[in-house]
Every structure is written in C-alpha cells, then in structure tokens.
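Notes for the one structure printed next.
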Amino acid sequence: MTIRLLLADDQELIREALCSLLSQEADFEVVASVGRGDQVVEAAASGRPDVALLDIEMPGLDGLAAAAVLRDRFPSCRVVMLTTFGRAGYLRRAMEAGAVGFVVKDSPADALADAIRRVRAGERVVDPALAVATIAAGESPLTARERDVLTAARSGATVAEIAANLYLSVGTVRNYISAATTKTRTRNRMEALRVADERGWL
C-alpha cells in the first residue's frame, strides 16, 4: 500500500533532498512539499497525506503548532517531527501537539523510512536516547505566559514593547520575566531565553 507523504521544511535544499530520497522508496509518494508552517493545513487538505513530516522551526507557524492543527483537522494523518534539535523539551511538546514520531535530521535514511512505515502502521517512534533524556529532564517549569514573554523577547524588544505586543501591563511582564529567570536559574531574560531554547521549552 502506498504511503502518501507531506513534507514541510523551510530549508529548500533539505526539503528537496528529502523529497528525492523518499520518492525512491517504492511504497512512498510525496503528495505535498511546503516551506512554511502556515502552508501545512492547505497542503494537507489538497494532498490528503497519510504521514506528515514537519520541521519544528518554520516561518508562519512552527511545526508544533502545525502538528496540533493537523491532529484536530486531519486525525488520520500521522505526524512525525523532523528536526536538527534533539532536545528533550521539544519531544514532550511534540507529543502534546499530537505527533507520534520524532526523528532527528542526522538519522540514517533507512531509519527515517522505517519510522514512516511504523507510524503509518499505528506505532509511536522516538529515538530511545531522546526518550530517556525527556524523562530525566521532567516537564518544563515555565507557564504558558512565561513562554510567551520569553518568545517575545527573542527579537530584543523592550519590556514596554513586549507588554504592548502581549496586551499586558509592564509590571506583569516584569513579574513573568522574574519568574522565568528564577526557574531557569539565570540572571536576565536573554539568559533565560537561551536556557529555555536549549532545553526545548519554547
């Protein structure tokens, strides 16, 4: 039985290489290939894929958010997160978003093909080392609002700009930043952002 695939990755060379690689498998058919997260839903609606391979970091909509939309709109489509970041926090958030597989991009080609077939058959596929790291790391200590504030700080925005963008008071933003720096054991918001990024909490 042919497995219909949707590929979403903002790096064109990687996306094209994956298309070429996976198309060589006799039981795979790439029915859609997009470079932005906000193109995933439309591509799924037209291509009706069995499995979607989504990069985590994409413009428009990140892969985790796109996975959650696919779970709700196209529950028969199995989602595999494909990323360069083998971080424990990303795995936990991917599973919460409805992904059933997590494959790091430097995995062997046959491992990726095997993962696709296994998730199509109803299995969950996660790198064992990453699964152990996720259990050891525990859940993210950050609240949703603390994550929002740190994400908004990524561009170097001031506290006042973050407050305006998130429709919060300056004092509330300062409180969230203080809580986030305490939880990440850092001295300021940019250090907190770096630590949260490294651990896959954002």
Side-chain angles (χ1 to χ4, degrees), residues 1-23 25 27-107 109 111-127 130-131 134 139-140 142 144 147-148 151 154 196-197 199-202:
M1 182 176 64
T2 300
I3 300 174
R4 297 166 62 83
L5 303 176
L6 182 159
L7 303 180
D9 194 306
D10 63 327
Q11 297 180 43
E12 187 173 354
L13 285 177
I14 291 178
R15 192 171 69 250
E16 290 180 355
L18 283 172
C19 283
S20 176
L21 178 72
L22 295 173
S23 295
E25 299 290 330
D27 55 339
F28 291 170
E29 178 187 1
V30 178
V31 296
S33 173
V34 298
R36 295 176 55 89
D38 52 8
Q39 296 172 335
V40 167
V41 173
E42 183 178 350
S46 60
R48 295 292 173 175
D50 300 306
V51 177
L53 296 175
L54 307 181
D55 187 21
I56 286 184
E57 296 186 349
M58 292 186 288
L61 192 69
D62 69 37
L64 298 172
V69 176
L70 287 179
R71 175 194 60 201
D72 296 337
R73 295 273 302 274
F74 306 98
S76 65
C77 179
R78 310 277 285 172
V79 175
V80 175
M81 303 309 302
L82 186 62
T83 181
T84 54
F85 303 103
R87 298 173 184 165
Y90 279 142
L91 173 57
R92 188 179 299 278
R93 290 171 56 210
M95 296 306 176
E96 290 172 353
V100 293
F102 197 103
V103 179
V104 179
K105 286 182 181 177
D106 61 3
S107 299
L112 174 58
D114 179 63
I116 292 170
R117 294 185 180 101
R118 288 171 60 191
V119 299
R120 180 67 180 92
E123 297 181 43
R124 287 182 179 271
V125 179
V126 178
D127 177 82
L130 185 56
T134 299
E139 295 186 15
S140 168
L142 302 175
R147 290 198 302 268
D148 290 343
T151 300
R154 196 187 301 275
D197 254 343
R199 296 180 184 176
W201 293 342
L202 299 180

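Being a predicted model, the structure only gives us computed values, none of them experimental.
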For the pair D50 (side chain) and R4 (backbone), establish whether a donor and an acceptor sit closer than 3.5 Å, ignoring hydrogens and angles. yes
How about CZ on R154, more than 12 heavy atoms from neighbouring residues, nucleotides or ligands closer than 6.0 Å, or not? yes
With heavy-atom distances below 4.5 Å as the criterion, would you say the side chains of L61 and V41 are in contact? no
Give the intermediate values and the outcome of side-chain contact (heavy atoms from CB on, under 4.5 Å) for residues F74 and V40. CA-CA 11 Å; F74 306 98; V40 167; over 6 Å; no
Side chains of V31 and R48: closer than 4.5 Å at any heavy-atom pair? no
Under the side-chain contact (heavy atoms from CB on, under 4.5 Å) rule, what do L64 and M81 come out as? Steps first, then yes or no, please. CA-CA 8 Å; L64 298 172; M81 303 309 302; 4.2 Å; yes
Can you give me the closest heavy-atom contact between S23 and C19, atom names plus distance? OG-O, 2.6 Å
Interatomic distance, CZ@F102 vs CD1@I56, rounded to 0.5 Å, equals 4.0 Å
Just by modelled atom types, is the V104 backbone N or O under 3.5 Å from a matching donor or acceptor in the S107 side chain? yes
Could you grab the distance from atom CZ of R124 to atom CE of M95, nearest 0.5 Å is fine? 6.0 Å
Got L112 and L82 here, is their nearest side-chain heavy-atom distance under 4.5 Å? yes
Nearest 0.5 Å please: distance from the SG atom of C77 over to the CZ atom of R120. 9.5 Å
Report the distance from atom CG of D27 to atom CG of L22, rounding to the nearest 0.5 Å. 10.0 Å
d(E57 CD, Q11 CD) to nearest 0.5 Å is 9.5 Å
Distance check, rounded to the nearest 0.5 Å: E16 atom CD versus D9 atom CG? 11.0 Å
For the side chain of R71 and the backbone of E96, is there at least one donor-acceptor N/O pair under 3.5 Å apart? yes
Under the salt bridge (Lys or Arg N to Asp or Glu O under 4.0 Å) criterion, do D55 and R15 qualify, and how do the steps go? CA-CA 10 Å; D55 187 21; R15 192 171 69 250; over 6 Å; no
Around E42, counting heavy atoms of other residues, nucleotides and ligands shown, do more than 12 lie under 6.0 Å from its CD? no
Between I116 and L53, is any pair of side-chain heavy atoms under 4.5 Å apart? yes
Residue set satisfying side-chain contact (heavy atoms from CB on, under 4.5 Å) with R36, at least two apart, ordered chain then number -> D38, Q39, P59
If you take all heavy atoms of A113 and F28, which pair is closest and at what distance? O-CZ, 3.7 Å
Closest approach of R147 to L142 (non-hydrogen atoms, all atoms of both residues): NH1-O, 3.3 Å
Compare every heavy atom of L70 with every heavy atom of A44, then report the nearest pair and how far apart it is. CB-CD2, 3.6 Å
